[in-house]
Amino acid sequence: MASSRDRQRKLARAKLDRQLARRAATAKRRRQIRAGVGAAVVLVLIVAGSAWALGAFDSEPEKKAAEDVCLWTAEDGAVNTNLKDVGQPPTTGLPTSGTRPMTITTNQGGPITVELDQTDAPCGAASLSYLAGRSFFDNTTCHEITAEGALRCGDPTGTGLGGPTYSFYDENVPAAPEPSPSASPAPGRPATYPKGTVAMIGNPPGSNGSQFLIFFKDASPAKPAYSVVGKVTGGLDVVEKIGAMPTVDNGNGAKVKPKTQVLVQSVTVGEPGAAPAGSPAPSPSASASAG
């Protein structure tokens with residue numbers, strides 16, 4: 001029979017083994033926790049580093065610079081004293097699709113309404129809108145009735161040399177017509193500049209400013225040189241009336257000046273998609289029938 005002292009030794013040994021086992025298990029758990037925390041820290045650092053590299057912690061996102069829609073070339077008003085300085089239109093944020101209305105009021109009858117083409121001639125439309133907003137055309141004259149069948153307007157000096165102190169390049173010049181066996185265009189071929197076309201005219205050609213043409217008859221020049229900017233939507237009869245006026249010498253030996261003064265009282269340009277100012281309102285009967 002084991003003595004009391006032997007039993008005490010065995011109990012003490014068993015107790016020590018249990019303590020050692022608990023300590024080993026605790027140490028193992030601590031090592032696992034430290035390893036898990038370390039892996040988590042590494043993962044956080046990797047994610048944070050990737051986010052920093054991609055600019056997530058930048059104080060302000062870098063903004064993409066707006067692209068220029070139109071470029072305006074400065075013209076020296078000291079060299080050409082016929083030019084009028086009214087600044088320049090913006091180069092960015094300009095409409096590049098759809099249409100907008102322009103209304104020309106003259107001393108020759110009802111207003112002439114025009115639909116400006118912002119899709120094919122965004123710079124021409126933007127320039128006319130900018131100048132109209134600064135009353136550039138008010139109380140100027142249409143100083144020429146061209147041999148091609150167009151009314152020439154938009155020059156405050158009435159000399160053909162005037163305009164703003166900037167210019168812009170052609171953007172919507174029609175292609176030259178195909179050669180025809182005869183001097184006249186082939187039958188059925190559409191005109192290069194149909195009656196009612198509104199186009200920019202530069203001096204020199206390709207250097208557009210404020211001057212524009214309104215065609216009162218079809219024209220098909222051998223070498224088209226005018227950027228189409230829109231078309232007449234109302235008042236074409238007024239344009240045709242002016243086109244039929246007698247002409248006199250313009251002071252430079254050319255008999256192109258209207259004998260009766262054609263005064264442009266105002267030019268206004270509306271918002272994109274709006275109806276031209278001065279457009280006839282629908283009659284009550286028409287509204288009723290439309291409903």
Side-chain angles (χ1 to χ4, degrees), residues 72 75 77 79-89 100-114 116 121 123-146 148-168 196-205 207-216 226-227 229-232 234-236 238-252 254-270 276-278:
W72 315 106
E75 301 291 342
V79 175
N80 182 0
T81 57
N82 295 285
L83 302 180
K84 182 179 178 181
D85 188 358
V86 290
Q88 293 183 7
R100 70 190 309 169
M102 180 170 74
T103 302
I104 306 168
T105 305
T106 74
N107 64 339
Q108 295 299 320
I112 302 166
T113 58
V114 174
L116 297 178
C123 300
S127 179
L128 290 173
S129 176
Y130 177 83
L131 295 174
R134 282 152 182 75
S135 303
F136 187 89
F137 302 107
D138 294 2
N139 299 312
T140 62
T141 62
C142 291
H143 62 279
E144 183 177 337
I145 298 174
T146 73
E148 293 170 331
L151 185 62
R152 184 172 181 174
C153 314
D155 178 359
T157 67
T159 62
L161 302 174
T165 51
Y166 68 84
S167 62
F168 60 98
T197 297
V198 180
M200 304 302 299
I201 177 170
N203 185 24
S207 179
N208 303 294
S210 61
Q211 297 187 47
F212 58 92
L213 301 171
I214 309 176
F215 285 85
F216 55 84
Y226 314 124
S227 296
V229 71
K231 61 182 179 181
V232 173
L236 186 57
V238 177
V239 181
E240 292 173 324
K241 168 191 168 184
I242 297 171
M245 287 181 175
T247 55
V248 296
D249 193 306
N250 64 356
N252 294 316
K255 193 177 178 182
V256 293
K257 181 179 178 180
K259 185 175 182 179
T260 302
Q261 185 188 58
V262 180
L263 180 67
V264 175
Q265 297 165 329
S266 67
V267 174
T268 57
V269 176

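All residue numbers refer to positions in the sequence shown, counting from 1.
The OG1 atom of Thr159 sits 4.0 Å away from the CG atom of Asn82 when rounded to the nearest 0.5 Å. Atom OG1 of Thr260 sits about 5.0 Å away from atom CE of Met245, to the nearest 0.5 Å. Interatomic distance, CG of Asp138 versus CG of Leu131, reported as 11.0 Å (0.5 Å rounding). Rounding to the nearest 0.5 Å gives a distance of 11.5 Å between NZ of Lys257 and OG1 of Thr247.
With Asn107 contributing its side chain and Leu263 its backbone, the two residues share a donor-acceptor pair below 3.5 Å. Judged purely by atom type and a 3.5 angstrom limit, Gln108 uses its side chain to pair as donor or acceptor with the backbone of Gln261. Under a 3.5 Å cut-off, the side chain of Asn80 and the backbone N or O of Gly162 do not form any donor-acceptor pair. Checking side-chain atoms of Ser210 against main-chain N and O of Gly154 turns up a donor-acceptor pair under 3.5 Å. A donor-acceptor pair is defined here as one N or O able to donate and one able to accept, closer than 3.5 Å; such a pair exists between the side chain of Tyr130 and the backbone of Val86.
Between Cys142 and Thr106, the closest side-chain pair of non-hydrogen atoms is not below 4.5 Å. With contacts defined as side-chain heavy-atom distances shorter than 4.5 Å, the pair Ile145/Leu151 qualifies. Looking only at side-chain heavy atoms (C-beta outward), Thr113 and Thr103 come within less than 4.5 Å of each other. By the 4.5 Å heavy-atom criterion applied to side chains, Val229 and Phe212 are not counted as neighbours. Residues Asn208 and Ser127 form no side-chain contact, since every pair of their non-hydrogen atoms from C-beta on lies 4.5 Å or further apart. Side-chain atoms of Thr140 and Asp155, non-hydrogen and from C-beta on, never get closer than 4.5 Å to each other. Contact annotation: the side chain of His143 never approaches that of Asn250 to less than 4.5 Å [non-hydrogen atoms, C-beta and beyond]. Looking at Ile242 and Ile214, their side chains never come closer than 4.5 Å, going by heavy atoms from C-beta outward.
When all heavy atoms of Ala132 and Phe137 are compared, the pair lying nearest together is N-CE1, 3.9 Å. Closest approach of Val269 to Arg100, counting heavy atoms only: CG1-NE, 3.5 Å. A pairwise comparison of heavy atoms in Trp72 and Cys123 identifies CH2-O, 3.5 Å as the closest pair. Considering every non-hydrogen atom in both Gly196 and Leu236, the closest pair reads CA-CD1, 3.9 Å. Listed here is the closest heavy atom pair of Gly163 and Pro156: N-CD, 4.4 Å. Listed here is the closest heavy atom pair of Phe215 and Ala199: CE1-CB, 4.4 Å.
Qualifying side chain to side chain contact (heavy atoms under 4.5 Å, CB included) partners for Thr146, counting only residues two or more places apart in sequence or in other chains: Glu144, Glu148, Ala150, Arg152, Leu213. Taking Thr165 as the reference, Asp85 meet the side-chain hydrogen bond (donor to acceptor under 3.5 Å, both in side chains) condition, with sequence neighbours excluded. For Glu75, there are no salt bridge (charged side-chain N to carboxylate O under 4.0 Å, His left out) partners at least two apart in sequence or on another chain.
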